[in-house]
Amino acid sequence: MKGQLISGSPDRVFSGAALDSRVVSGGELFFALEGEQSDGHRFVADAASRGAVGAVVERLSEAALPDDFGLIRVPSTLEALYALTRHVRQAVPRQLVGVTGSAGKTTTKTLLAAMLAEEFSTASSQGNLNNLFGFPLSLLSIPDDSQWMVAEMGMSEPGELAGVSRLGRPDVVVLTNVAPAHLAAFGEVRAIAEAKAEIFEGLAEQGTVVANADDPEIVRITLRHRSRSGCRVAWWSAKGQAPGEEQPQLLVRSLECPVAGEPGSRFELWAGAESAELRLDLLGLHNVENCLAAATAAHLCGVSLEAIARAVEQVQAAPMRGVMVDLGVGARVYDDSYNSNPEAVARALTAAADIPAGRHWAILGEMLELGEGAETFHLEVGRRAASLGFDPVVGVGELARALVVGAGEKGVRTHWFATAAEAADAAEDEVRAEDLLLVKGSRGVGLEVVVERLRKDG
């Protein structure tokens, strides 16, 4: 890290890294980053009191610290974080998968990590630690014996994913899809695809790309990269297709989604003469696609279809990412409140509409970072919700006014609220027996309060 040890033993061992003193649980090395909103140097003492074994700093302070607390002074704490990440990546993990896309990254990551764990010591990035700050924390916290790491790699502006990929140097890259997300930063979907293509910049020389053959933009950037680098490409496709004369690595047959009217799916996976039946408890066809992407990568890495099937049976939806919540009296909430964009909400609406219920209705928060086309996207989402039978359709947030207008054009009941708290108040009065309520919105809307309120009341 080009640093100088100011205090503490050079033999001290740390078990992870932290940028926020509040998340220190013991054994971490704290990096005092200086940001626009806060200066990490102010919280070195707090990190020490919570159990950090040392801190990487640019300057010293007068705060009292334990005698054995390690202090390393460096020219730049951010560059030190990156330097240490690159150093550790030389040995741990032995191999790494980077997963990116506009939707489905977290679920694909979770499924793939479970599949690889059937055969290998496997770690994965935690939560949404997928950017230039989060990825280093994930890598520096994995066990030393990890043979594989599955890392979600995201971006919100040009150049960010390239930086994450160069830090991670993935041996395998998995591409889920390209959809309108972060349009305020990119302007058009094609530009988003180019930003996703930045993940190739860190791909190992003999690396493999696992790509969605059903997405034209993914196909375009993958074929271009292969022509330049000669990398190996394995296609996955829910439609059983691949570019030109090529074939997808795996085929899906006998698909049932949902299963007997209940959330989840059942299908067969085929790889030549090898096959296995999978039962996936995650809701919707889009999760079958996420599973297929993960299974294609896992099979390439040496995991049998039987082991893949065992792993899939154990995977449950992450909190706020497609969880079915039982409220009693037959009423349920499909909680997909973590985040939203036009493609993701369209998938959630379709998945929820396929589940039998006495009534389908939706509370949909505004979709942020869509740029100049935001009003049109919200209008289309409202129309789609109404066309799929959601009634009423509730919009939350200023941009969701257009969503409510779009739904109203189709003749369904609509409501609009400025805040999630107001929507939660209304939901308590609206929910009925045998309802299926979809709750989805951008992270900044905070629609999880709706689910929390209904769960408490139920």
Side-chain angles (χ1 to χ4, degrees), residues 103 258 263 283-287 317 320-327 330-368 370 374-375 377-455 457-458:
L283 181 65
L285 180 60
H286 61 285
N287 278 317
M320 300 188 291
R321 295 178 186 267
V323 178
M324 192 67 77
V325 179
D326 189 351
L327 301 180
R332 293 181 288 181
V333 175
Y334 179 28
D335 178 11
D336 204 19
S337 59
Y338 184 79
N339 213 342
S340 188
N341 62 52
E343 175 66 18
V345 74
R347 291 178 168 199
L349 285 165
T350 300
D354 285 340
I355 302 299
R359 180 180 66 152
H360 293 82
W361 60 291
I363 298 178
L364 303 175
E366 60 185 340
M367 301 174 290
L368 303 174
L370 292 180
E375 182 175 354
F377 283 120
H378 284 83
L379 279 167
E380 291 175 352
V381 162
R383 292 165 182 157
R384 179 185 289 267
S387 296
L388 287 171
F390 288 85
D391 186 0
V393 173
V394 179
V396 183
E398 190 61 33
L399 292 171
R401 289 183 184 275
L403 187 156
V404 167
V405 170
E409 291 174 356
K410 299 290 185 179
V412 304
R413 289 191 302 138
T414 62
H415 305 283
W416 178 84
F417 299 100
T419 69
E422 293 173 327
D425 291 339
E428 287 183 293
D429 296 330
E430 180 68 36
V431 70
R432 305 173 188 167
E434 306 302 325
D435 272 1
L436 181 62
L437 166 62
L438 168 64
V439 179
K440 189 166 182 63
S442 282
R443 185 85 290 273
V445 184
L447 284 184
E448 65 271 17
V449 302
V450 175
V451 183
E452 291 166 3
R453 182 83 61 83
L454 293 175
R455 190 196 298 266
D457 291 346

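What you see below is based on every heavy atom in this structure, not just the backbone, and it leaves out hydrogens, waters and symmetry mates.
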Undergrad: Between Ala317 and Arg321, what is the shortest heavy-atom contact and its length?
TA: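 Distance-wise, the nearest heavy atoms are CB-O, 3.8 Å.
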Undergrad: A side-chain contact here means heavy atoms from C-beta on lying under 4.5 Å apart; do Glu448 and Asp335 qualify?
TA: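 Of all side-chain heavy-atom pairs linking Asp335 with Glu448, none is under 4.5 Å.
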Undergrad: Going by the rule ring pair (Phe, Tyr, Trp, His ring centres under 6.0 Å), which residues pair with His415 if we only count those two or more places apart in sequence or in a different chain?
TA: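 Checked His415 against ring pair (Phe, Tyr, Trp, His ring centres under 6.0 Å); zero matches.
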Undergrad: Can you find a pair of side-chain heavy atoms, one from Thr350 and one from Leu388, that are under 4.5 Å apart?
TA: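 Of all side-chain heavy-atom pairs linking Leu388 with Thr350, at least one is under 4.5 Å.
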Undergrad: Between the side chain of Glu430 and the main-chain N/O of Ala426, is any donor-acceptor distance below 3.5 Å?
TA: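 Judged by distance alone, no pair lies under 3.5 Å.
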Undergrad: Work out which heavy atom in Leu447 is nearest to a heavy atom in Gly365; give both atom names and the distance.
TA: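 Of all heavy-atom pairs spanning Leu447 and Gly365, the closest is CD1-N, 3.4 Å.
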Undergrad: I need the Asp326 CG to Arg455 CZ distance, nearest 0.5 Å.
TA: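 Interatomic distance, Asp326 CG to Arg455 CZ, rounded to 0.5 Å: 10.0 Å.
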Undergrad: Find out whether Val393 and Val404 are in side-chain contact, i.e. whether some heavy atom of one side chain is under 4.5 Å from a heavy atom of the other.
TA: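 No, every pair of side-chain atoms sits at 4.5 Å or beyond.
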Undergrad: Can you confirm whether Leu437 sits close enough to Ile363 that some side-chain heavy atom of one is under 4.5 Å from a side-chain heavy atom of the other?
TA: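 Sidechains of Ile363 and Leu437: in contact.
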Undergrad: With no hydrogens and no angle check, is any side-chain donor or acceptor of Ser442 less than 3.5 Å from a backbone partner on Val445?
TA: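 Such a contact is absent between Ser442 side chain and Val445 backbone.
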Undergrad: Could you go step by step and tell me if Asp425 and Arg453 meet the side-chain contact (heavy atoms from CB on, under 4.5 Å) rule?
TA: CA-CA 8 Å; Asp425 291 339; Arg453 182 83 61 83; 2.6 Å; yes
Undergrad: Would you mind reporting whether Val439 and Tyr334 have side-chain heavy atoms less than 4.5 Å apart?
TA: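 Not in contact.
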Undergrad: Look up atom NE2 in His360 and atom CG in Leu349, then write down how far apart they are to the nearest 0.5 Å.
TA: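 It is 10.5 Å, given to the nearest 0.5 Å.
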Undergrad: For His286 and Ala351, work out which heavy atoms get closest and say how close.
TA: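 So the minimum-distance heavy-atom pair works out to CE1-CB, 3.8 Å.
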Undergrad: Kindly say whether Leu436 contributes a backbone atom to a donor-acceptor pair with the side chain of Arg332 at under 3.5 angstrom?
TA: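 Judged by distance alone, no pair lies under 3.5 Å.
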Undergrad: Within the 4.5 Å heavy-atom criterion, are Leu438 and Leu364 side-chain neighbours or not?
TA: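 When only atoms from C-beta onward are counted, Leu364 and Leu438 do touch, with a gap below 4.5 Å.
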Undergrad: Measure across Pro356 and Asp354 and return the closest heavy-atom pair with its distance rounded to 0.1 Å.
TA: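 Looks like CD-O, 3.5 Å.
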Undergrad: Does the pair Glu366 and Leu368 meet the rule for a side-chain contact (heavy atoms from CB on, under 4.5 Å), with working shown?
TA: CA-CA 6 Å; Glu366 60 185 340; Leu368 303 174; 3.7 Å; yes
Undergrad: So do the side chains of Val405 and Leu403 get within less than 4.5 Å of each other, counting heavy atoms only?
TA: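 The answer is no; the side chains never approach within 4.5 Å.
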Undergrad: Assess the side chains of Asp391 and Trp361: does a donor N or O sit below 3.5 Å from an acceptor N or O?
TA: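 Side-chain D/A pair, Asp391 to Trp361: absent.
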Undergrad: What pairs with Arg401 under side chain to side chain contact (heavy atoms under 4.5 Å, CB included), at least two apart in sequence or on another chain?
TA: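 With sequence neighbours excluded, Arg401 shows a side chain to side chain contact (heavy atoms under 4.5 Å, CB included) to Glu398, Trp416, given in chain and number order.
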Undergrad: For a quick test of reading the model, state the closest non-hydrogen atom pair linking Ala420 to Val396 and the distance between them.
TA: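 Residues Ala420 and Val396, closest heavy atoms: N-CG1, 3.7 Å.
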Undergrad: With no hydrogens and no angle check, is any side-chain donor or acceptor of Lys440 less than 3.5 Å from a backbone partner on Asn339?
TA: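 Yes; at least one donor-acceptor contact below 3.5 Å.
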Undergrad: Nearest 0.5 Å, what's the CG-CZ distance between Leu283 and Arg347?
TA: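 Reported to 0.5 Å precision, the distance equals 12.5 Å.
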Undergrad: Verify the neighbour count for atom CD of Glu380: are there more than 12 heavy atoms of other residues, nucleotides or ligands below 6.0 Å?
TA: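 Count over threshold, so yes.
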Undergrad: What I'd like to find out is whether the side chain of Val450 reaches to under 4.5 Å of the side chain of Ser337, using heavy atoms alone.
TA: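 With C-beta onward as the side chain, the pair stays apart.
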Undergrad: Test side-chain contact (heavy atoms from CB on, under 4.5 Å) on Met367 and Val381; report intermediate values, then the result.
TA: CA-CA 10 Å; Met367 301 174 290; Val381 162; 3.6 Å; yes
Undergrad: Which heavy-atom pair separates Asp336 from Ala348 by the least distance, and what is that distance?
TA: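 Of all heavy-atom pairs spanning Asp336 and Ala348, the closest is OD2-CB, 3.7 Å.
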Undergrad: For Val431, is there any backbone N or O sitting under 3.5 Å from a side-chain donor or acceptor partner on Asp435?
TA: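 No.
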Undergrad: List the steps and the verdict of side-chain contact (heavy atoms from CB on, under 4.5 Å) for Glu434 and Arg359.
TA: CA-CA 7 Å; Glu434 306 302 325; Arg359 180 180 66 152; over 6 Å; no
